Amino acid sequence: MTKALEGQQVMILPEGSNRVLGRDAQRINIAVAYAVANIVRTTLGPKGMDKMLVSELGDIVITNDGATILEEMNVEHPAAKIMVEIAKTQDKEVGDGTTTSVMLAGMLLKKAGDLLDQDIHASTIIKGYDLAAKKANEILDKISTKVSINDKQTLEKIAAVAMGSKSIGVGSSKDMLAKMVVTAVTQVAEERNGKYFVDDELIKIEKKAGGEINDTQLIQGVLIDKEVVHPGMPKSVKNAKIALLDCALEIEKTEVDAKIEITSPEQMQAFLAQEEKMLRDMVEKIASTGANVVFCQKGIDDVAQHFLYKKGILAVRRVKKSDMEKLARATGGKIATTLDDLSSKDLGIAGEVNERTIAGEKMVFVENCKDPKSVTIFVRASTDHVVSEGERAIVDAIGAVSSAIEDGRYVTGGGSTELELSVQLAKYATEIGGREQLAIQAFAESLEIVPRTLAENAGMDAIDALVNLRAKHKKEGGEHFGIDVHNSTIADMKALGVFEPLKVKTQAIASAYEAAKMLLRIDDMIASKGKSSGTGGKGGAGGAESGGAGSMGDY
Ligand code: ADP
Ligand code: MG
């Protein structure tokens, strides 16, 4: 039997598939992940640079946001896609710290590559990384500080740091935005069994180019990007009583083709009059509840519009479902699915409803709601690109403040936390000993990438900065020293008020290390036919590597 097979090739995979095995597979994945990390690296921190991304259609995005950059890049290689996943997870879970997590993953993999070269087995490295990650969490637990929802000052600092790296809002406008974000988040936060939860869906972000960043405002209510349906209707209603309708103010068309035979002009007249009466009754019904504003998720017939106008009611039609829900939360109203359901106690309340023309477009502001459970941040800035980056900065800040409130703890930034972790983990490594020690040591060194990069991006000598920082951290009272990027020196981040939510760090470490672990475990990559470009041998990885915007340096 075996004899017959000798010299014969057995094909398991379809022709044209691509397969990379063993160390080669690991090498390629590490190189790709490291290259991706290098791309975002120059953007880290307030002194990081921006990237301009141009899509196939020529759309331009200018940003500093790790998740956005990676998403817009449309990477091909599977390992690169996993790196993009890290950024997305981080974005979803905490809304900030995306660049940090991707950089950490790249560094963990690079260091693992060095260990593999020293013939240390991947499973030993993974075991060491496991120990280090667990220990890192314990250390973080100890070095973090508690923050309550009432500590607005600390929360504002957290918001400012999260926004800090985006190139919008310097100085006073950044403080203004930070205050705005904290007000918004604390307002929609819900308390359940002594813990706070923030559904950031409840903070709507609307944006319009025109004006300047200082014109950005917090609306105690909702902004609807629609106009009032009828020109005769009031454009401004004070003490608004708002009907929220999820039913059309129209005569329903029958499902089947029904024919009505009309034999005389009188009959025609009567038929039209009947239709008109139905619409009038609808409006009468709404008016009888005392409503002076109507938001309708469906259509409003011209005739109904006319009657509403006669009653002096302000009406808006075809409002998005998500906006209807926000209106309900902001005004305390209830959405009625049929007019029969509508009663005066279902009406929402708002101080004012106004139609305003913003940058040539009409929008309806539902404002001054009393203790609204949904608010809107209306972002303004000179051009579309700036507005979009402003939005991303505000989203990051909302994410950071939300996690600080939910988790209730924060740490110091500027690379101080990473360096403290690094120093403590290095000590822990010597306690563990054995081959795992080397992996824990590598984990510790990987964390230094954060202060190192912040220093580089601030134009400092990174080696000097790291040496000085390590010295500080080894002494009593030096645990909060990090990179003061604005003065290009090292400083106590606690004194400077550079605060970040603890969850940004725990999540960044967790997702970086999970991804590194996953890529390290792979020793066989099989790409089916037609998809060979992804795992295209060493050439493919080399190509990705040369895409890197810099080098992480060897240390
Ligand atoms: P990420 O996508 O990881 O959030 P950022 O570009 O937002 O990346 O940079 C975050 C890093 O910048 C954090 O390590 C944070 O501590 C640091 N940072 C932010 N503001 C300051 C500051 N004023 N001084 C020093 N470091 C800062
Ligand atoms: Mg950030």
Side-chain angles (χ1 to χ4, degrees), residues 37 39-51 63-71 83 86-107 156-171 174-175 178 181 389 392-401 403-404 410-422 447-460 465 469 480-509 511-512:
I39 294 174
V40 293
R41 195 175 169 230
T42 57
T43 68
L44 188 80
K47 296 283 167 171
M49 305 299 272
D50 291 349
K51 293 206 185 282
T63 185
N64 179 294
D65 190 67
T68 311
I69 294 168
L70 294 175
E71 204 163 337
M83 295 295 277
I86 304 177
K88 282 195 188 156
T89 313
Q90 180 79 19
D91 213 21
K92 225 174 32 216
E93 289 288 323
V94 260
D96 192 20
T98 50
T99 314
T100 305
S101 61
V102 170
M103 270 173 32
L104 262 183
M107 217 49 222
E156 276 162 23
K157 285 187 179 131
I158 291 172
V161 169
M163 272 190 291
S165 61
K166 308 285 181 294
S167 54
I168 63 128
V170 278
K174 194 188 284 168
D175 293 343
V181 166
E389 185 71 345
R392 283 188 284 272
I394 289 171
V395 169
D396 279 9
I398 291 173
V401 175
S403 359
Y410 70 94
V411 292
T412 50
S416 59
T417 296
E418 287 84 355
L419 205 97
E420 181 62 22
L421 278 175
S422 176
L447 286 160
E448 286 188 343
I449 192 67
V450 177
R452 184 190 171 96
T453 306
L454 286 170
E456 273 171 21
N457 290 351
M460 294 164 68
L469 277 180
H480 296 301
F481 266 74
I483 307 290
D484 175 2
V485 292
H486 296 295
N487 297 308
S488 298
T489 174
I490 64 169
D492 190 322
M493 293 293 128
K494 194 150 204 162
L496 277 185
V498 178
F499 298 151
E500 288 183 283
L502 170 66
K503 199 162 165 218
V504 171
K505 300 297 173 203
T506 46
Q507 180 66 40
I509 292 173
S511 47

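All ligand and atom numbering here is 1-based and tracks the order in the structure. We count residues from 1, following the sequence as given. Owing to the predicted nature of the structure, the values given are computational and were not obtained by experimental measurement.
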Please confirm whether the backbone N or O of [Y] pairs with a side-chain atom of [X], one donor and one acceptor, at under 3.5 Å?
{"X": "Q90", "Y": "V504", "answer": "yes"}
{"X": "S488", "Y": "A458", "answer": "yes"}
{"X": "N487", "Y": "T489", "answer": "no"}
{"X": "E71", "Y": "K88", "answer": "no"}
{"X": "S422", "Y": "E418", "answer": "no"}

Only heavy atoms of [X], strictly under 4.0 Å: list the atoms of ligand 1 that pass.
{"X": "T98", "answer": "1 (P), 2 (O), 3 (O)"}
{"X": "G413", "answer": "16 (O)"}
{"X": "E500", "answer": "13 (C), 14 (O), 15 (C), 16 (O)"}
{"X": "I483", "answer": "24 (N), 25 (C), 26 (N)"}
{"X": "T100", "answer": "1 (P), 3 (O)"}

D96 near the Mg ion (ligand 2) via N/O/S, less than 2.8 Å: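 Looking at D96, which is the residue asked about, there is an N, O or S atom under 2.8 Å from the Mg ion (ligand 2).
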T43, portion touching ligand 1 at heavy-atom distance under 4.0 Å: backbone
For ligand 1, the portion of H486 having any non-hydrogen atom under 4.0 Å away: side chain
Taking both backbone and side-chain atoms of [X], is any N or O found less than 3.5 Å from an N or O belonging to ligand 1?
{"X": "D484", "value": "no"}
{"X": "D96", "value": "yes"}
{"X": "G414", "value": "yes"}
{"X": "L44", "value": "no"}

With rounding to the nearest 0.5 angstrom, report the [atom1] to [atom2] distance, [X] to [Y].
{"X": "T506", "Y": "E93", "atom1": "OG1", "atom2": "CD", "answer": "10.0 Å"}
{"X": "D396", "Y": "M163", "atom1": "CG", "atom2": "CE", "answer": "9.5 Å"}
{"X": "K157", "Y": "T412", "atom1": "NZ", "atom2": "OG1", "answer": "13.0 Å"}

Residue-ligand contact G97/ligand 1, heavy atom below 4.0 Å: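 Yes.
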P46 near ligand 1 by a heavy-atom separation under 4.0 Å: yes
Heavy-atom nearest option to atom 14 (O) of ligand 1, drawn from N64, V485, V450: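 Of the listed residues, V450 has the closest heavy atom.
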Identified side chain to side chain contact (heavy atoms under 4.5 Å, CB included) counterpart of R41 within the set T99, I449, N457: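 Only match with R41 under side chain to side chain contact (heavy atoms under 4.5 Å, CB included): I449.
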